[in-house]
2 protein chains.
Amino acid sequence: MTKRALPPVVARMWGRETASRHGPRPSLDLSRIVDAAIGIADNEGLEGVRMSSVAAQVGVATMSLYRYVGSKDELLTVMADAAAPEPPAIDGRPWRDYLTEWTRANRDFLLDRPWLLQIPRNTPPVGPRALRWLDRALAALAGTGLEVAERINIASALTGYANTQAALVHGMTVGAEAGGDGTIGGLADYGDILGQVLDPADHPELAAAVHARAFGAAEEWIDDADFAFGLNLLLDGVQALIARHGGGAAAG
Amino acid sequence: MTKRALPPVVARMWGRETASRHGPRPSLDLSRIVDAAIGIADNEGLEGVRMSSVAAQVGVATMSLYRYVGSKDELLTVMADAAAPEPPAIDGRPWRDYLTEWTRANRDFLLDRPWLLQIPRNTPPVGPRALRWLDRALAALAGTGLEVAERINIASALTGYANTQAALVHGMTVGAEAGGDGTIGGLADYGDILGQVLDPADHPELAAAVHARAFGAAEEWIDDADFAFGLNLLLDGVQALIARHGGGAAAG
DNA sequence: ACCTGAACACCGTTCAAGT
DNA sequence: ACCTGAACACCGTTCAAGT
């Protein structure tokens, strides 16, 4: 309410830095730094992103970066917003069609840049990109008669779902790689590991599932069907809610 | 299928270390180390967990820890499993009642130990505790006629939801604290920030929502109602699925 | 086989000058 | 006001001995 000063990271993400009056002009801007950092993360993963490597990439001394970013954490926060693509266009589609694509696109860009999954998000969305994603989801639900708070909750549940799925698929796909030392190398392995480790007395249901090779079907376990399954759970719930409201166009 | 050797972390989590034949007996075991590390994380947050601080806590040299843990990352992985409580007991309750409590309990222990949210999970669950949680969810759905794969997917969607919600609530509650420098200090701030930053042309729906003070209602925005809302979205979806299967006891 | 001290490598960040 | 080199602090991990 009280119009407090914006937190520094937020100000920077929106280009709201108080412009400096005199003295030499800056030789960089934040977006060049962020793009360089994103490029490094794409190529080498998040561990490749060091203040020194980013600085080298843009051709300045490491220290110069601290003119543009308060800390490495801030840099990561800004990267996380900038690395997302624009949300898909609505084009007048019914809410369910659109939100299906929206959620899928959300998951997909996380899988394209799995290092995004490693950046801890301690706040609700504040960056322009993330807020544009939220905005589009709200717009898609505009005709449904749902209240704003409900629509926000739905969008947040869907983002959460996209995140969870991306993390799961990524964890299964990559397996033993930089970072998680000697972990799991795909689904066959996973069932195998569970089989070796489970105590039927302690994990009866799982032991039965493993025995029944529920994890053996491997390839199709991770594919799109599972994603659609959970997503439709959520969207069915939304649809039921809309119906209960006696609301607008509950097309699908 | 091929009964590969267990990844070292997994072996350690399940106490499957190959016992050593002769020479001095170990002066520690993994669980003492892990408990110490958890204690530190509870008191000081995850940054307080250093190999040196953990070693000091158990009274050995830093280097000794590497007898029990391959790396700090491994230690974190083991901590993440050990820090979870046991899942709630089913007591013959109908699936919907139980899964509601299950998901809520899941969120709650994450909020009790928010440092768990910071530990990146690159794999599906492999620890005994996490697998017991999964097992109980499968058991609760046993009478519904759903297939194992479906039940696993449901459990995974629910854990994901618990995680997302915990992260959201935590991010909103703590605000400016160690780690996320000068970020958001609660919901009033959030609405305020959005108000300052949004461009109505670019974020029309959100701008309208902020204008209508959809974020101003503050206190109740984050409370239990929102959690229940999204959860019921999911559970309604599950219920619809069960009904479609023409399946068992869809009580709840 | 287990424990340990010293040493190394790496990296984020502070500081005091420079222009 | 912006850039920079040197230096500091911190911490995970390797190594070579010790028992």
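Just so it is clear: chains get the letters A, B, ... in the order the sequence lines come, proteins before strands, and each one is counted from 1.
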Dot-bracket pairing map - DNA chain C, Watson-Crick plus G-U, both contacts under 3.5 Å, | cross-strand: ||.|||||...|||||.||

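Atom CE in B:Met51 sits about 14 Å away from atom P in C:dT4, given to the nearest Å. Atom CG in B:Leu75 sits about 10 Å away from atom P in D:dT13, given to the nearest Å. Look at CZ on B:Arg32: it is 11 Å from P on C:dC3, rounded to the nearest Å. The separation between B:Glu47 atom CD and D:dA9 atom C1' is 16 Å, rounded to whole Å. A straight line from CG of A:Leu65 to P of C:dT14 spans 13 Å, rounded to a whole angstrom. The distance between atom CG of A:Leu28 and atom C1' of D:dC3, rounded to the nearest whole Å, is 10 Å. The distance from atom CG of B:Asp73 to atom P of D:dC11 is 16 Å, rounded to the nearest whole Å. Between the C1' atom of C:dC15 and the OH atom of A:Tyr66 lies a distance of 13 Å, rounded to the nearest Å.
Phosphate contact (OP1/OP2 of D:dT4, side-chain N/O of A:Ser64, threshold under 4.0 Å): present. For B:Tyr68, no side-chain nitrogen or oxygen approaches OP1 or OP2 of C:dC2 to under 4.0 Å. Taking only side-chain nitrogens and oxygens, A:Arg67 never comes nearer than 4.0 Å to OP1 or OP2 of D:dC3.
Partners of B:Thr164 under the side chain to side chain contact (heavy atoms under 4.5 Å, CB included) rule, at least two apart in sequence or in another chain, are A:Thr164.
Counting heavy atoms from C-beta outward, A:Met79 and A:Trp115 have side chains that approach closer than 4.5 Å. At least one side-chain heavy atom of B:Ile38 sits under 4.5 Å from a side-chain heavy atom of B:Val34. Looking at A:Leu116 and A:Arg113, their side chains come closer than 4.5 Å, going by heavy atoms from C-beta outward. Residues A:Leu28 and A:Ile33 form a side-chain contact, since some pair of their non-hydrogen atoms from C-beta on lies under 4.5 Å apart. The shortest distance between side-chain heavy atoms of A:Tyr161 and A:Leu231 falls below 4.5 Å.
With no hydrogens or angles considered, a side-chain donor-acceptor pair links A:Ser31 and A:Asp29 at under 3.5 Å.
Taking the centre and axis of the six-membered ring of A:Tyr68, the NZ or CZ atom of A:Arg12 falls outside the cone set by 45° and 6.0 Å.
Contacts between residues 55-63 of chain A and DNA chain D, defined by a heavy-atom separation below 4.0 Å, involve A:Val60, A:Ala61, A:Met63, listed by number.
Dense packing is recorded around CZ of A:Arg129, with more than 12 heavy atoms of other residues, nucleotides or ligands lying under 6.0 Å away.
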